[in-house]
**Student:** 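I have a structure here, written as structure tokens, and I will follow up with some questions on it.
Chain naming here is simple, since letters A, B, ... match the order of the sequence lines and numbering starts at 1 in each. Predicted model, so just to flag it, every value in this text is computed and none were measured.
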Amino acid sequence: MGVEGIGASVVRKEDKRFITGKGRYVDDIKLQGMTHAHFIRSPHAHAKVKGIDSAEALKMPGVVAVLTGQQIVDDKVGNLICGWAITSKDGSPMKMGAWPAMAPETVRFVGQAVAVVIAETKNLARDAAEAVVVDYEELPAVADVHAAIKAGAPQLHPEAPGNQVYDWVIGDEGATDAAFSKAANVVKLDVTNNRLAPNAMEPRAAIADYDSAEEHFTLYTTSQNPHVARLVLSAFYNIAPEHKLRVIAPDVGGGFGSKIFIYPEEMVALWASKKVGRPVKWTGDRTEAFLTDAHGRDHVTHAEMAFDANNNITGLKVKTYANFGAYMSLFSSSVPTYLYATLLSGQYNIPAIHAEVIGVYTNTTPVDAYRGAGRPEASYLIERLMETAARQLKVDPAALRRQNFITQFPHQTPVIMAYDTGDFNASLDAAMKAIDYAGFAARKAKAKADGMLRGIGVSCYIEACGIAPSKAVGSLGAGVGLWESAEVRVNPVGTIEILTGSHSHGQGHETTFCQLVAERLGIPISQVSIVHGDTDKVQFGMGTYGSRSAAVGLTAILKAMEKMEAKAKKIAAHALEASEADIVIENGEFKVTGTDKAIALPMVALAAYTAHNLPDGMEPGLKESAFYDPTNFTFPAGAYICEVEVDPGTGKTSFVNFVAADDFGRLINPMIVEGQVHGGLAQGIGQALLEHAIYDANGQPVTASFMDYSMPRADDLPSFKLSHTTTLCPGNPLGIKGCGEAGAIGASAAVINAITDAIGKNNLEMPATPDRVWRTIHAA
Amino acid sequence: MYQTTYHRASSVDEAAALFAKGSEAKFLAGGQTLLPVMKQRLASPSDVIDLGKIKELIGIEVSGDTLTVKAATPHYDVATSDAVKKAIPALAYLASLIGDPAVRYRGTIGGSIANNDPAADYPAALLALGATVKTNKRSIAAEDFFKGLFTTALEDGEIITSVSFPVPQKAGYAKMPHPASRFALTAVFVAQTKSGEIRVAATGASQSGVMRVPAIEAALKTSWSPSAIDGVTISASNLLSDIHGTSEYRANLIKVMAQRAVAAAG
Ligand SMILES: Cc1cc2nc3c(=O)[nH]c(=O)nc-3n(C[C@H](O)[C@H](O)[C@H](O)COP(=O)(O)OP(=O)(O)OC[C@H]3O[C@@H](n4cnc5c(N)ncnc54)[C@H](O)[C@@H]3O)c2cc1C
């Protein structure tokens with residue numbers, strides 16, 4: 001490893017611009033003649049739109065247009081799609097209702113847009129929006145999954161009778177039933193995985209610019225995957241053919257999944273820009289973010305685990321109701337199915353698993369992937385079950401896990417995934433040592449003497465990342481392939497531009513991706529720049545989510561680098577009159593091994609571009625590209641243990657300690673990895689203790705601001721103790737597994753296991769607010 | 001429609017005169033309540049009259065047994081003032097718990113009590129310490145000042161100029177913060193006056209705003225100690241109940257916070 005190579009904690013290149021206010025976000029961009037959009041949104045969870053009267057609004061100062069849902073439908077802008085087809089157990093395709101970008105007839109959640117005002121300024125648009133009169137006829141609404149599937153419940157979409165999108169199953173039901181019939185012990189658990197609002201720091205925004213002469217659109221948007229956005233806008237929404245649509249995702253202030261999806265606002269901005277003949281800008285505010293950014297989680301699950309007389313797991317049965325909200329968002333269908341149920345084996349040998357997932361429409365904001373996407377729900381369920389089992393079977397929870405760990409790899413689980421490698425004992429050992437697990441009983445006794453309830457909780461998570469082998473996901477219903485592309489451009493002066501289809505919105509790609517180049521060529525990262533987020537610059541890419549950018553995106557860069565290096569070596573060998581096989585790359589030079597003959601990278605690059613003296617038949621230039629399709633998912637795994645103290649007077653939980661031992665495979669930049677884990681843990685702990693997007697029975701959101709929705713803050717969190725136990729991923733040449741979601745996947749169960757241990761009651765839902773914990777302690 | 005005219009007053013009299021001229025004028029102090037409400041378009045004053053730069057409204061003074069905090073003094077100044085820490089440390093502590101650093105730098109005692117949010121911190125201190133609110137027109141006892149949710153004895157255009165706190169024998173404050181807003185989910189201020197009177201006020205708990213807690217006052221009269229409150233039962237009826245705290249939980253918090261406040265008071 002060089003000072004800036006793989007494994008070095010290099011300071012992030014991008015931070016200078018971020019921390020000096022020089023970042024360039026969508027809202028920072030101002031175009032000549034730009035207008036501003038303000039959406040008129042439904043205050044009702046379910047209503048018929050009987051009419052929209054914009055006569056008064058159109059007379060107001062600065063108003064350019066008022067456009068309605070009926071107009072966007074009349075103009076044949078496509079309905080929003082869901083990109084992953086799921087088949088129900090009876091063989092029928094999932095049942096989806098139409099989702100127009102603005103509602104022409106029926107609104108189905110609070111915040112759904114029915115019209116948009118385009119005006120000279122944001123405030124004028126807002127003023128005029130108040131003068132638009134929308135005549136709603138309220139309909140009964142339903143927000144809760146259980147209420148939604150009851151006979152007689154309000155119906156959202158005629159296409160989905162009973163509000164059911166699908167009833168999907170995975171695993172071997174017969175084998176699982178057989179395991180349960182022979183079980184010595186069965187452990188049962190009901191859990192709710194609370195709905196979360198993602199709350200990226202930067203709200204969503206879009207600027208659409210239509211050029212009538214070229215019939216060409218440019219869209220600046222807050223996207224985690226601008227190429228996918230262009231593909232969907234072009235192929236499904238009829239905005240423009242791909243070569244007439246440029247999508248730019250400049251600096252993006254966090255996504256956590258919520259900026260994967262193509263939202264109505266971008267579609268409306270593009271369409272409106274053509275209609276009014278001027279650029280249209282929309283920047284969401286925090287309230288709009290709460291109401292319209294896809295939410296995460298929201299599962300209600302019953303699970304049972306069978307054990308033999310020796311406490312070995314013999315079977316697992318799971319039934320989950322997944323709340324999708326009012327419409328099927330872009331990847332929503334895959335989250336509670338292929339991203340959730342396929343991880344239900346956890347870190348354990350479970351011979352038989354059967355899971356059923358019922359997707360349900362409700363009058364709430366659509367739900368889709370949010371940091372972890374399905375895997376936090378799986379991990380939380382399994383780790384709560386293991387803890388419950390240990391309590392019921394009266395064995396040590398760490399020992400019960402250990403006894404059931406998978407130790408032989410590769411391991412085929414009964415739910416599709418084939419784990420390639422791992423060492424679950426190593427991470428559990430590391431975490432137990434870091435927290436002094438053995439000394440816990442004494443600490444608990446001491447805390448008790450001080451009137452405090454102390455608890456310890458373990459969570460051994462596994463996730464499937466590096467999403468994903470295209471053929472495999474295609475066979476499971478995905479509408480896209482999940483490879484990544486890269487291009488390496490060596491400029492004539494020897495500096496390097498890396499074009500990548502990955503998108504950085506906080507991950508630090510501008511640093512880590514350069515580190516790979518620095519490692520291979522022995523040049524400083526200052527000579528390398530990363531180009532991403534613009535469909536005119538990068539040919540194609542699948543974007544960033546599912547902890548895929550290092551495992552998939554960086555591997556694509558490696559493949560392109562190898563091609564570039566092979567050509568550069570030929571040029572160097574020719575110049576040095578040496579054999580190509582003798583050329584090695586060191587410290588930015590191409591050397592003839594064992595001699596002092598060398599030629600520096602800039603001279604090789606210059607030779608490539610002057611083309612005065614290249615090997616016979618060689619094309620000029622030094623630029624290579626590659627597409628990399630992974631061979632398998634990657635399987636980051638680890639053990640989190642937390643120790644908490646609960647104040648019995650107030651029910652408030654405080655952290656004594658939180659340790660994490662993760663196996664992410666190879667680390668490119670340990671400091672950035674640490675930051676990713678900290679952020680993930682904060683979100684996992686946030687889910688466990690604080691966060692909950694709540695609706696009342698009529699579908700009115702009650703947590704649509706930071707005064708009501710508890711975002712975790714630094715003082716809610718402990719200082720984390722992180723460590724790594726590494727097994728290299730055999731599936732990619734760099735041995736990388738991914739680290740972006742682990743914290744959010746593993747943390748929640750550790751926290752709830754610790755609190756329930758402290759209070760001596762096993763059943764406690766998230767978020768474990770002081771009120772809820774206090775009531776649980778004092779419940780009869 | 002939402003245009004407003006900003007005025008920076010340089011004296012209380014000028015502020016009062018500007019207010020009288022405006023059709024729907026509002027005073028502005030730290031802006032921590034008024035500005036968010038204006039941004040949400042829930043208030044649209046014709047004129048906004050800034051009190052925050054009026055010199056006579058800023059500062060902290062101790063004279064004899066009275067601590068006076070002028071109306072436009074920010075929470076941060078109260079939290080860090082040596083005079084407050086010496087005279088009524090519980091008051092400095094209370095101010096240090098308000099919101100977050102940004103809120104404490106801008107928000108003021110006058111704005112806080114004029115707003116009388118049922119979960120605000122200062123009202124508990126005013127009520128328990130038996131403070132007096134001074135305005136440009138009169139003096140109002142804390143007892144008479146707070147009139148339920150977001151309502152006070154202030155008349156239209158009346159300006160709070162200061163709050164005077166009698167320095168107590170002992171006082172303590174304990175707060176369970178609301179997890180999202182950091183206002184009081186429930187907080188209790190306990191005080192023993194120099195004349196030996198025991199006064200206890202709870203905020204964040206009641207449906208009608210800050211309130212005295214006679215049951216706890218009575219218990220503390222028998223013995224000034226946390227355990228004296230052990231046997232007290234607080235009724236949950238008429239207490240607030242929401243997603244962050246049921247009324248039973250708040251009833252419990254009144255008791256627990258009172259015990260902790262007494263422990264803190266010593
Ligand atoms: C995120 C956040 C967290 C908060 N957390 C807490 C908390 O934990 N505890 C707590 O107690 N408070 C909290 N607050 C409120 C904060 O204390 C505010 O400072 C207070 O509510 C208002 O004070 P201000 O000086 O900002 O008043 P402004 O917002 O300027 O004014 C509020 C009202 O008071 C009137 N007013 C102001 N000064 C006077 C005066 N001298 N005479 C007459 N009327 C006047 C104004 O006309 C207006 O109606 C929080 C606020 C925010 C935004």
**Student:** Shorter than 4.5 Å, heavy atoms on both sides: which option in A:S710, A:P712, A:P767 has the most such pairs with chain B?
**Tutor:** A:S710
**Student:** Mind ranking B:D242, B:I243, B:T186 by heavy-atom pairs under 4.5 Å with chain A and telling me who comes out on top?
**Tutor:**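 Most heavy-atom pairs under 4.5 Å with chain A: B:I243.
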**Student:** Check each atom of B:Q40 against the heavy atoms of chain A and say whether the ones under 4.5 Å are side chain, backbone, both or neither.
**Tutor:** backbone
**Student:** Is there a side-chain contact between A:N123 and B:Q3 (heavy atoms, below 4.5 Å)?
**Tutor:**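 Contact flag for A:N123/B:Q3 side chains = no.
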**Student:** Check each atom of A:R772 against the heavy atoms of chain B and say whether the ones under 4.5 Å are side chain, backbone, both or neither.
**Tutor:**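 For A:R772, there is no contact with chain B at all, as no heavy atom is under 4.5 Å.
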**Student:** Please classify the contact between A:M707 and chain B as side chain, backbone, both or neither, with a heavy-atom cut-off of under 4.5 Å.
**Tutor:** both
**Student:** Inspect the surroundings of NZ in B:K26 and state if more than 12 heavy atoms from other residues, nucleotides or ligands are less than 6.0 Å away.
**Tutor:** no
**Student:** At a heavy-atom separation under 4.5 Å, does B:H244 approach chain A through its side chain, its backbone, both, or neither?
**Tutor:**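 Contact with chain A involves both backbone and side-chain atoms of B:H244.
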**Student:** Any donor-acceptor pair under 3.5 Å linking the side chain of B:Y249 with the backbone of A:T650?
**Tutor:** yes
**Student:** Measure A:T703 against the heavy atoms of chain B and call it side chain, backbone, both or neither at under 4.5 Å.
**Tutor:** side chain
**Student:** Side chain, backbone, both or neither: which part of B:R250 has an atom under 4.5 Å from a heavy atom of chain A?
**Tutor:**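 Contact with chain A: none, neither part.
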**Student:** Within a reach of under 6.0 Å around OH of B:Y76, are more than 12 heavy atoms found that belong to other residues, nucleotides or ligands?
**Tutor:** no
**Student:** Should we say atom NZ of B:K21 is surrounded by more than 12 heavy atoms from elsewhere, each under 6.0 Å from it?
**Tutor:** no
**Student:** Report yes or no: does B:N252 contribute a side-chain atom to a donor-acceptor pair with the main-chain N or O of A:G649 at less than 3.5 Å?
**Tutor:** yes
**Student:** Let's go through B:M176 and A:D771 carefully: what are the C-alpha distance in whole Å and the side-chain angles of both, what is the deciding distance for side chain to side chain contact (heavy atoms under 4.5 Å, CB included) to 0.1 Å, and is it a yes or a no?
**Tutor:** CA-CA 11 Å; B:M176 184 69 189; A:D771 177 20; over 6 Å; no
**Student:** Would you say B:R212 has more than 12 foreign heavy atoms packed within less than 6.0 Å of its CZ?
**Tutor:** yes
**Student:** Rounded at 0.5 Å granularity, tell me how far CG in B:L253 sits from NZ in A:K652.
**Tutor:**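 Between atom CG of B:L253 and atom NZ of A:K652 there are 11.5 Å.
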**Student:** In plain terms, say whether A:D285 and B:R41 are close enough for a salt bridge, that is, a side-chain N and a carboxylate O under 4.0 Å apart.
**Tutor:**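 No, no charged N to carboxylate O under 4.0 Å.
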**Student:** For B:Y93, does the OH atom have more than 12 heavy-atom neighbours from other residues, nucleotides or ligands under 6.0 Å away?
**Tutor:**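 Result for OH/B:Y93: open.
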**Student:** Evaluate whether atom CZ of B:F150 has more than 12 neighbouring non-hydrogen atoms of other residues, nucleotides or ligands under 6.0 angstrom away.
**Tutor:** yes
